[in-house]
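In what follows, a single structure is set out as structure tokens and then discussed.
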Amino acid sequence: MKNIGFEIGEGEVVGFLGPNGAGKTTTMKILAGALSYETGSVKICDMEVSKNQIMTSNLVGYLPELNPLYADMYVKEYLLFVAETYHLGKEKHTRVNDLIDQVGLRPEFQKKINQLSKGYKQRVGLAQALIPNPRVLILDEPTSGLDPNQLEEIRNLIREIGKERTVLLSTHIMQEIKAICNRVIVINKGEIVADYSDLSKIKAFDENNFHFEVEFAKEELSENLETIQQVTSIKKISNTHFTFIASSDIRSDIFDYAVKTNNKILTIKAIERSMEDVFRMLTK
């Protein structure tokens with residue numbers, strides 16, 4: 001890690017996005033108190049994790065990527081066991097029963113964990129992470145390996161959970177970010193390379209490039225179009241059809257060029273950049 005830094009506010013659902021090996025899991029283990037650190041400062045609810053491990057551990061719910069469950073235990077038995085580690089006392093039964101309903105485990109709660117589908121095992125993992133009623137929930141690849149139906153169910157569940165807590169969600173799946181998060185932090189090679197608090201910015205008009213698709217009535221030459229100011233590159237689709245990348249909004253300049261050269265513009269439109277495009281640009 002290279003002295004990364006970010007702050008997540010209460011009630012935010014933040015996607016932690018990056019390629020494999022970028023440092024997502026390491027960062028999340030440090031935040032959850034599962035991995036020690038020698039330099040820097042890591043705070044949960046204004047408390048330094050290294051100096052307040054017991055207190056911060058009760059404030060954080062953590063679902064690791066591999067979801068280490070005791071497969072030979074029954075679902076409710078396992079959750080009661082986890083509740084016991086938090087010293088919940090008599091209230092553990094109420095807490096576990098409430099969570100079984102909250103995460104949708106009621107149809108399967110009398111089964112052993114090794115009898116469950118991957119989707120229900122993830123629900124068990126979410127339930128154990130929620131047992132201390134954490135203010136911060138850290139989820140490392142929570143939907144990895146799920147089928148489409150399970151994906152949608154877990155995403156809906158995380159959205160509901162996120163209404164009451166701060167959630168940091170690790171993934172490298174673009175659809176996950178769009179479906180669940182209201183902010184995305186991108187990490188690559190141990191460094192934060194982007195932090196989008198407004199996902200609508202991940203479109204044509206972001207802070208670096210403007211993308212346009214233009215169709216002229218008559219043929220044009222790429223080298224002539226390159227004389228338009230602020231154009232950084234042009235891709236020829238046909239003799240009359242081009243895509244422009246520019247450092248500013250050049251639509252009026254393109255219109256002026258067409259008038260000057262006695263040509264007409266049939267269509268001109270901004271091209272929205274997908275999350276996939278942004279991800280490839282930031283992590284290549």
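Numbers here simply count residues along the sequence, with the first being 1.
Annotation: cation-pi pair Lys112/Tyr74 present, NZ/CZ under 6.0 Å from the ring centroid and within 45° of its normal.
A donor-acceptor pair is defined here as one N or O able to donate and one able to accept, closer than 3.5 Å; such a pair exists between the side chain of Thr166 and the backbone of Gly11. Between the side chain of Lys24 and the main chain of Pro19, a donor-acceptor pair closer than 3.5 Å is present. Side chain of Arg95 to main chain of Leu88: no donor-acceptor pair is present (N/O by atom type, distance under 3.5 Å, no hydrogens or angles). Looking only at distances, a side-chain donor or acceptor of Gln128 sits under 3.5 Å from a matching main-chain atom of Tyr62. Between the side chain of Gln150 and the backbone N or O of Asp147 there is at least one donor-acceptor pair closer than 3.5 Å. Proximity of a side-chain donor or acceptor of Thr240 to a complementary backbone N or O of Lys218 within less than 3.5 Å is not detected. In this structure, Tyr120 contributes its side chain and Gln115 its backbone to no donor-acceptor pair below 3.5 Å. Asn239 places no side-chain N or O within donor-acceptor distance of the main-chain N or O of Glu219, the cut-off being under 3.5 Å. Not one N or O on the side chain of Arg135 forms a donor-acceptor pair closer than 3.5 Å with the backbone of Val60. Judged by distance alone, the side chain of Thr227 and the main-chain N or O of Asn224 form a donor-acceptor pair under 3.5 Å.
The 12-atom threshold is exceeded at OH of Tyr37, counting heavy atoms of other residues, nucleotides or ligands nearer than 6.0 Å. More than 12 heavy-atom neighbours from other residues, nucleotides or ligands sit within 6.0 angstrom of CD on Glu152. By the 6.0 Å contact criterion, CD on Glu7 is open, its count of non-hydrogen atoms from other residues, nucleotides or ligands being 12 or less. Residue Met55 qualifies as open at atom CE: its count of foreign heavy atoms under 6.0 Å is 12 or below. Annotation: Asp101, atom CG; neighbour count of heavy atoms from other residues, nucleotides and ligands within 6.0 Å is above 12.
Counting only N and O atoms by type, the side chains of Glu48 and Ser41 include a donor and acceptor under 3.5 Å apart.
A pairwise comparison of heavy atoms in Thr171 and Ile177 identifies CG2-CD1, 3.7 Å as the closest pair. Across all non-hydrogen atoms, the minimal contact from Asp140 to Ser170 is OD1-OG, 3.1 Å. Pairing each heavy atom of Tyr78 with each of Pro68, the nearest pair is OH-O, 3.9 Å. Pairing each heavy atom of Gly33 with each of Val49, the nearest pair is CA-CG1, 4.0 Å. Nearest heavy-atom pair across Ser197 and Arg183 is CA-CG, 3.8 Å. Nearest heavy atom pair, residue Pro134 against residue Ala129, reads CG-O, 3.5 Å.
Between Ser50 and Val42, the closest side-chain pair of non-hydrogen atoms is not below 4.5 Å. Side-chain contact between Arg123 and Ile154 is present, with heavy atoms from C-beta onward closer than 4.5 Å. In this structure the side chain of Phe255 reaches within 4.5 angstrom of the side chain of Ile268, judged on heavy atoms. Between Leu116 and Lys111, some side-chain heavy-atom pair lies under the 4.5 Å cut-off. Between Cys45 and Leu59 the shortest side-chain heavy-atom distance falls below 4.5 Å. Contact of the Leu130 side chain with the Val103 side chain is registered, since non-hydrogen atoms from C-beta on lie closer than 4.5 Å. Residues Arg165 and Glu10 are not in side-chain contact: their nearest non-hydrogen atoms beyond the backbone lie 4.5 Å or more apart. The shortest side-chain heavy-atom distance between Leu69 and Lys121 falls under the 4.5 Å cut-off.
No close placement of the Tyr86 and Phe81 rings is indicated, their centers lying 6.0 Å or farther apart.
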Next on the checklist: Run Thr261 and Glu220 through side-chain contact (heavy atoms from CB on, under 4.5 Å) and show every step you take.
Outcome noted: CA-CA 10 Å; Thr261 58; Glu220 283 287 352; 3.6 Å; yes
Next on the checklist: Applying side-chain contact (heavy atoms from CB on, under 4.5 Å) to Leu63 and Leu139, what does each step give before you reach the verdict?
Outcome noted: CA-CA 5 Å; Leu63 175 60; Leu139 308 174; 3.7 Å; yes
Item to check | Verdict with supporting geometry, Asp195 and Val186, side-chain contact (heavy atoms from CB on, under 4.5 Å) | outcome: CA-CA 6 Å; Asp195 187 343; Val186 185; over 6 Å; no
Next on the checklist: Assess the residue pair Lys92 and Asn97 against the criterion (side-chain contact (heavy atoms from CB on, under 4.5 Å)); give the C-alpha distance rounded to whole Å, side-chain angles, the decisive distance to 0.1 Å, and a yes or no.
Outcome noted: CA-CA 8 Å; Lys92 68 181 180 181; Asn97 279 320; over 6 Å; no
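Classified by interplanar angle (parallel below 30°, tilted 30° to 60°, perpendicular above 60°), the ring pair Phe210/Phe212 is parallel. Ring planes of Tyr257 and Phe216: perpendicular class, angle over 60° (limits at 30 and 60°).
Partner of Val124 under the side chain to side chain contact (heavy atoms under 4.5 Å, CB included) criterion, chosen from Leu105, Asn67, Val82, Ile100: Leu105. Among Thr27, Leu137, Val13, Val14, the single residue meeting the side chain to side chain contact (heavy atoms under 4.5 Å, CB included) criterion with Leu168 is Val14.
Phe244 contributes atom CZ, which lies 8.0 Å from atom OG of Ser222 (distance to the nearest 0.5 angstrom).
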